[in-house]
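Below: the structure, in structure tokens.
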Amino acid sequence: MLFIDGTWRGANGNATFETSNPATGEVIGTVADAGSVDVDAAIAAASAAFSEWAGQTAYVRSAVLRDAYQLMVDRKERLAKLMTEEQGKPLKAARNEVQYAADFLLWFSEEAKRVYGSTIPAPRSDQRFITLQQPVGVVGAITPWNYPISMVTRKVAPALAAGCTVVLKPAEQTPLCAIEVFEILDEVGLPPGVANLIPTANPVPVGEAFTSDPRIAKVTFTGSTEVGKVLATQAAPHMKRTSFELGGHAPFIVFEDADPVHAAKGAGLVKFLNTGQACISPNRMYVHASIADQFIETLVARTSALRVGNGLDAGVTIGPLVDQPSLDKVQHHVDDAVRKGATLHVGGKPAKVDGPGEGFFFEPTVLGNVTAEMVISHEETFGPVAPVILFENEAEVIAAANDTAYGLAAYVYTNSLARGMRMFEALNFGIIGINDINPTAAAAPFGGMKHSGIGREGGREGIAEYLETKTGGFSI
Ligand code: NAP
């Protein structure tokens, strides 16, 4: 169903598309497929609802988001199960994602009350300056499938908190998760038109409408760098406000002063999270040559112990890839690396999993002797492959880590505080984990440099993306 102007309804012309379980291939739902008429209706509803929603007190907006937080936490189990079925991650990881998603609702219900202006000393004694923060207007939001609930709340919560209204297009592979989020917003009494949902199998016209329709003030996108660039190009002639959360190619650097066993444990946990389908997934593991053997031994042992399968099955620690093209891309990265001289320590091919249907499973893989000439060293793999590259000194590894068009996340393992600080300053990435494999939280700004995006989500910065600063100069 589409959710437009407070009503659940079918698409114009009753078009639909199917969504399926990547662990089995089985169809799990049929969803209304929004076309241009529906997109226009959603933008019209959001536009009509804007001034009243923007005019509500921050306390009213905060209360709605707070209630949505509570309902999402109450529904954690149901949402997690649906997420596992539709997206594939193991149930435990799905529960964690629902909590992370709910955290954005809570954080921005609080931030709604902290949208402060300022007073500024003026150069003339008869002049006063003040600034006011106002919502930008109607927001067009586009989200990916890999974190199908938290990527929705990370946009919708700050937009609503700021006083904006929203039209959201979720990923084609995960519309059911987005529908559940909007059911929550509906149930907690969000006024009609304030948040609208338009699942579709054809994203192109939506992107065109969001970037060109004069009623849309801001476009926020999370997805691939490739599509982000298309939208940025489309938005430019219309001077739309935009923010982009795009792809990554994270370096994971382990120095000789770190514990290689502890670092390998961290590397395995963060690499295989969500089957490697995370924008902050390490795509290059730089390990000091003097500790590489211990690191690889531990990483290979831990990787071999992972259990691939349907995320609903007890004991499964790594789920399927989302679709066949994703599986083909992972295979291509492995084959290219092996052909160019990489050592295949474990994995390297599609995994056989017992159970009904056909899933897109790939064996968790560790590659050694990886070099800069291999495709995997510079393209986002988005799959369960850990490529290990050896290095000798700090300057060399900083240069190699920064030698990428991407700039989202980086990880460093070291027991030297000074080195940790040097690396934090020298690495050109937006999010840096120092001996930490989860440098993310609703309260911390998330976003990339270079081709990984523009803008930040979460934290104090997250709501600023939906606000305009207005300056008032008063002669008194
Ligand atoms: P994608 O192919 O770029 O799709 C993302 C969204 O854009 C989907 O909703 C998709 O719709 C839509 N889309 C595709 N083409 C479009 C167009 N021409 N106009 C408007 N919308 C369009 O990316 P994905 O495969 O879903 O997600 C994986 C990528 O997202 C990875 O690169 C990952 O690193 C990145 N990501 C980044 C972050 C971050 O915070 N930086 C977080 C999560 C993921 P359809 O589903 O219908 O194709």
Inset, instruction - For the pair T200 (side chain) and A34 (backbone), establish whether a donor and an acceptor sit closer than 3.5 Å, ignoring hydrogens and angles. - result: yes
Legend entry - Lys/Arg N to Asp/Glu carboxylate O, E373 vs K340, below 4.0 Å: no
Inset, instruction - May I ask you to test the F50-P135 pair for a side-chain heavy-atom distance under 4.5 Å? - result: yes
Inset, instruction - For residues M83 and K89, determine if any side-chain heavy atom of one lies less than 4.5 Å from a side-chain heavy atom of the other. - result: yes
Inset, instruction - Would you please test R284 and T404 for side chain to side chain contact (heavy atoms under 4.5 Å, CB included) and show each step? - result: CA-CA 11 Å; R284 293 169 286 156; T404 170; 3.5 Å; yes
Legend entry - Taking every non-hydrogen atom, the tightest pair across M72 and L79: CG-CD1, 3.7 Å
Legend entry - Side chain to side chain, F446 and I280, heavy atoms closer than 4.5 Å: yes
Inset, instruction - Measure the shortest side-chain to side-chain distance between V206 and V204 over non-hydrogen atoms and say whether it is less than 4.5 angstrom. - result: no
Inset, instruction - Identify whether the distance between the nearest side-chain nitrogen and carboxylate oxygen of R95 and E77 falls below 4.0 Å. - result: yes
Legend entry - Test item: side-chain donor near acceptor, K271 and S281, under 3.5 Å: yes
Inset, instruction - Taking only Lys NZ, Arg NE, NH1 and NH2, and the carboxylate oxygens of Asp or Glu, determine whether D40 and R215 approach each other closer than 4.0 Å. - result: yes
Legend entry - Aromatic ring pairing H249/Y406, orientation class (parallel under 30°, perpendicular over 60°, tilted between): parallel
Inset, instruction - Taking the side chain as every heavy atom from C-beta outward, state whether P384 and I318 have any pair of such atoms under 4.5 Å apart. - result: yes
Inset, instruction - Would you check if the distance from the ring center of F382 to the ring center of W145 is below 6.0 Å? - result: yes
Inset, instruction - Please state whether the rings of F104 and F108 are parallel, tilted or perpendicular, taking 30° and 60° as the class boundaries. - result: parallel
Inset, instruction - Not counting sequence neighbours, list each pair that qualifies as a side-chain hydrogen bond (donor to acceptor under 3.5 Å, both in side chains) and has a residue in residues 41-69. - result: none
Inset, instruction - State, with a plain yes or no, whether a side-chain heavy atom of R75 is found less than 4.5 Å away from one of E187. - result: yes
Legend entry - Residue among T19, T174, N21 satisfying side chain to side chain donor-acceptor pair (under 3.5 Å) with E86: T19
Legend entry - Donor-acceptor pair between E97 and N274 side chains, under 3.5 angstrom: no
Legend entry - Pairwise side-chain hydrogen bond (donor to acceptor under 3.5 Å, both in side chains) hits with a residue in residues 229-245, at least two apart: T211-Q234, K218-S243, K229-H451, R241-E468
Legend entry - Any side-chain donor near an acceptor of the partner, D5 and T7, under 3.5 Å: no
Inset, instruction - Compare every heavy atom of A11 with every heavy atom of A32, then report the nearest pair and how far apart it is. - result: CB-N, 3.7 Å
Inset, instruction - For the pair Q277 (side chain) and V322 (backbone), establish whether a donor and an acceptor sit closer than 3.5 Å, ignoring hydrogens and angles. - result: yes
Inset, instruction - Using atom types as modelled and distance alone, determine if a side-chain donor or acceptor of T365 lies under 3.5 Å from a backbone N or O of G347. - result: no
Inset, instruction - Kindly give the heavy-atom pair with the smallest separation between I437 and G266, and that separation in Å. - result: CG2-O, 3.5 Å
Legend entry - Salt-bridge contact E465-R456 (side-chain N to carboxylate O under 4.0 Å): no
Inset, instruction - Could you tell me whether the side chain of I432 reaches within less than 4.5 Å of the side chain of Y411, counting heavy atoms only? - result: no
Legend entry - Whether D323 side chain and S326 backbone form a donor-acceptor pair below 3.5 Å: yes
Inset, instruction - Give a yes or no answer on whether the side chain of T153 reaches the backbone of A101 with a donor-acceptor pair at less than 3.5 Å. - result: yes
Inset, instruction - Indicate whether any N or O donor in one side chain lies under 3.5 Å from an N or O acceptor in the other, for Q331 and K349. - result: no
Inset, instruction - In sequence, state the C-alpha distance, the side-chain angles, and the governing distance for F362 and V308, and then conclude on side chain to side chain contact (heavy atoms under 4.5 Å, CB included). - result: CA-CA 8 Å; F362 198 88; V308 186; over 6 Å; no
Legend entry - K155-T222 side chain donor-acceptor pair, cut-off 3.5 Å: yes
Inset, instruction - Taking N196 for its side chain and L168 for its backbone only, find out whether a donor-acceptor pair lies under 3.5 Å. - result: no
Legend entry - Set of residues satisfying side-chain contact (heavy atoms from CB on, under 4.5 Å) with respect to N402, sequence neighbours excluded: I398, L427, N428, F429
Inset, instruction - Please report the shortest heavy-atom distance between A337 and L367, naming the atom on each side. - result: CB-CD1, 3.8 Å
Legend entry - Heavy-atom donor-acceptor pair, D336 side chain to V375 backbone, under 3.5 Å: yes
Legend entry - E379 with K329: basic N within carboxylate O range, under 4.0 Å: no
Inset, instruction - Over all heavy atoms of both residues, which pair between T275 and G319 is shortest? Give the atoms and the distance, please. - result: OG1-O, 3.1 Å
Legend entry - L2 versus G10, closest heavy-atom pair with distance: CD1-O, 3.9 Å
Legend entry - Close side-chain approach of Y466 and T220, heavy atoms under 4.5 Å: yes
Inset, instruction - Measure from the side-chain N and O atoms of T165 to the backbone N and O of A46, and report whether any donor-acceptor pair falls under 3.5 Å. - result: yes
Legend entry - Donor-acceptor pair, side chain of D38 and main chain of G35, under 3.5 angstrom: yes
Legend entry - Distance-only side-chain donor-acceptor flag, D33 / T16, under 3.5 Å: no
Inset, instruction - Please say whether more than 12 non-hydrogen atoms of neighbouring residues, nucleotides or ligands are located less than 6.0 Å from CD in Q324. - result: yes
